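Just below is one structure, and these are the notes that go with it.
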2 protein chains.
Amino acid sequence: MTRAGLHGLLVTHLSDLRYLSGFTGSSAALALTGRAARLFTDGRYIAQAAEEVNVKAAQVQIVSSSPAVAAVQWLAAQSGVEFAGFDPARTTVAELTRWKAALPSHLRRSFLSALAAPLVEPLRWVKDEEELAIMTEAALLGCSLFDHILGFLRPGLKEFEVAAEMEHQARLLGAEGMSFETIVASGVRSALPHGRATSAPLPRRGFLTLDFGVILKGYCSDMTRTVYLGTPKANERNAYQAVLEAQEAGVAAVSAGVRCEEVDEAARGVLRRAGLAEAFSHSTGHGVGLEIHESPRIGAGQTTRLLPGMVVTIEPGIYLAGQFGIRIEDMVAVTRTGGQVLTPAPKALIEL
Amino acid sequence: MTRAGLHGLLVTHLSDLRYLSGFTGSSAALALTGRAARLFTDGRYIAQAAEEVNVKAAQVQIVSSSPAVAAVQWLAAQSGVEFAGFDPARTTVAELTRWKAALPSHLRRSFLSALAAPLVEPLRWVKDEEELAIMTEAALLGCSLFDHILGFLRPGLKEFEVAAEMEHQARLLGAEGMSFETIVASGVRSALPHGRATSAPLPRRGFLTLDFGVILKGYCSDMTRTVYLGTPKANERNAYQAVLEAQEAGVAAVSAGVRCEEVDEAARGVLRRAGLAEAFSHSTGHGVGLEIHESPRIGAGQTTRLLPGMVVTIEPGIYLAGQFGIRIEDMVAVTRTGGQVLTPAPKALIEL
């Protein structure tokens, strides 16, 4: 805050707020000054806020109107606080209008200041030991789901039955939920990078892509494996091999100090040389943590350098419309000297 | 658009975009003029957009940069389009800055205009026959989950095992997923209005609140039932009866033309007269549809009048910290002469 020239900070993005205060409710705002922190929430969360928010982290105040408006007004009433920052990427135009209207008229123009760069999110990008331990546990839970589902898959099963089995197992293993809508895409549907589970039956012969993640203690896991039902043709086997090599090249490129675009290029180059550049229609990966998609983005033109403690996905894929698709994804923790794969499930082509 | 004095409209909120175009991907923008509609999305969605978007609804354009920026630039390039609206409640301050920067400099000041009121969302608040049929199906699926879980509940079962069973069953019955994180709150935890399922075991004696919903063809269901494990004490039975009467009074107050605050007061008044006004710490309900929380809000001071075809929840509850909580919730479709309950699961106190 001091470096950004601010006396106060308004935090409304729920993941940021959870990171700073421990509060996990769905409606809250956190106001910070150099001296104090106050969390505003509504009457539904009286008991939960008392349970979750350490009194050293923030004082809790229950309000009957908008928590963010109350937080802005509280900041403006603190002595010595002449400017407070807000995150323009997490604030709607309508919210900003409402906050300004709630300020005394002489403060409307000058008090709220859009941050030039986010202040809280970058703290979240680098995970500490406790966070890495939770994320490792979440990632391993994902691996055990994959192992479990291998014994369940058979032709004719509907895609959503596969998703149901995985999600049920995840819950029984202690997951709070799934970190995104489980992707189960079989046969020609595997060519849809984001194919949600449908009532389509698993084919006797064809690829099956499973992209899934769990939430454990608030943290997300994310992994993808593509398996084959039956025996693949030579071109399918070759395509799988190319994606696997690209994915491994991406993982091998991960290290502190490396630019994200270099990791992307390590994976993309393999597919380009295999004549599959066009079929790889998305970025190589993204950060993951309290949210399923965080910075940094592992993509072309991304010059951000990886830092030790970041956790990113490496997930190249190819999509041939009307034919098939293949994607392989690991979560990788960045270390000083390389990358630690958090999702050590088998990647050699599994034929079922 | 014409009434709002606009030549063009930018739609970026995904539920609005889905409503207008049929597209269900996670990254897209829709640009509308009096003559044309164009949907911008990225390479991951080539096949999906071709499958989902009717050519009469919109022309699809795949872009490698931001879909919203591409949409703004396309709008600005259409002849006769001098102003385009955007929804300030669905646009971040950072997005607006980016969009303006992507416009030719002479258009930056004047081209993009914040809508005074949303244009697409109000279309969604009132459901047509096809939507009501889907929402009825989703609501009945929710009822069958409740029926299923009654045969599964027993003391000692962990709350998350209850959630797992409900979610698994939902998937097997064809739900695409849950419409929000399933709430399973037992014993003293029932006093948390938003108590997520934990590893706490169901008690031998105490209330159990189940608040859950499914997604079916994109539409959300939402219902709550509170049951009792064991035999309730007289004060618990009386409290339940008060909430039930409040809920039924709320349902009975639903009708086209009625103000939302009147429905809220119908429920709230019952609890006030029972001396439980303080314990009812939230609004009576909310609209539901493609999103789990839509307008209108059924709360104090809400003067919006109900329209036929709106679907709202009626969900009064009481929360006595350290003791227990009770909530009962139905989905109700507004008709010309009253309200049609879409969730006809039993509401008399069930003792297990």
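Below, chains carry the letters A, B, ... as their sequence lines are ordered, and counting in each starts from 1. What you see below is based on every heavy atom in this structure, not just the backbone, and it leaves out hydrogens, waters and symmetry mates. In this text, all values refer to a predicted model and were calculated from it rather than measured experimentally.
- Interface remark: of the candidates A:Gly177, A:Ala175, A:Pro88, A:Ala94, A:Pro88 forms the most heavy-atom pairs closer than 4.5 Å to chain B.
- Chain B forms the most heavy-atom pairs under 4.5 Å with one residue out of A:His282, A:Arg196, A:Glu161, and that residue is A:Arg196.
- Rounding to the nearest 0.5 Å gives a distance of 10.0 Å between NZ of B:Lys158 and CG of A:Leu172.
- Results of the side chain to side chain contact (heavy atoms under 4.5 Å, CB included) test with B:His168 over A:Glu165, A:Gln169, A:Glu167 single out A:Glu165 as the only residue that passes.
- Contacts of A:Phe160 with chain B are made by both backbone and side-chain atoms, with heavy-atom separations under 4.5 Å.
- Taking CG of A:Asp42 as the reference point, atom NE2 of B:His194 lies at 8.0 Å (rounded to 0.5 Å).
- The greatest number of non-hydrogen atom pairs below 4.5 Å with chain B, out of A:Ser281, A:Ala164, A:Gly43, is found for A:Ala164.
- Looking only at heavy-atom pairs under 4.5 Å with chain B, the residue among A:Ile215, A:Ile62, A:Thr91, A:Thr97 that has the most is A:Thr91.
- Residue B:Thr24 touches chain A through both its backbone and its side chain, counting heavy-atom pairs closer than 4.5 Å.
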Q: Determine, step by step, whether A:Tyr319 and B:Ile46 satisfy the side-chain contact (heavy atoms from CB on, under 4.5 Å) criterion, reporting the C-alpha distance in whole Å, the side-chain angles of both residues, the deciding distance to 0.1 Å, and the verdict.
A: CA-CA 10 Å; A:Tyr319 312 94; B:Ile46 296 173; over 6 Å; no
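- With a threshold of 4.5 angstrom between heavy atoms, B:Leu96 approaches chain A through side-chain atoms but not through N, CA, C or O.
- Interface summary for chain A: among B:Ala89, B:Ala47, B:Gly322, the most heavy-atom pairs under 4.5 angstrom belong to B:Ala89.
- Considering every non-hydrogen atom in both B:Glu51 and A:Leu192, the closest pair reads OE1-CD1, 4.5 Å.
- Proximity of B:Arg171 to A:Thr182: side-chain heavy atoms (C-beta onward) are separated by under 4.5 Å at one or more points.
- With a 4.5 Å cut-off on non-hydrogen atoms, A:Ser199 does not touch chain B at all.
- One finds the CE atom of A:Met178 at 13.0 Å from the CD atom of B:Glu181 (value rounded to the nearest 0.5 Å).
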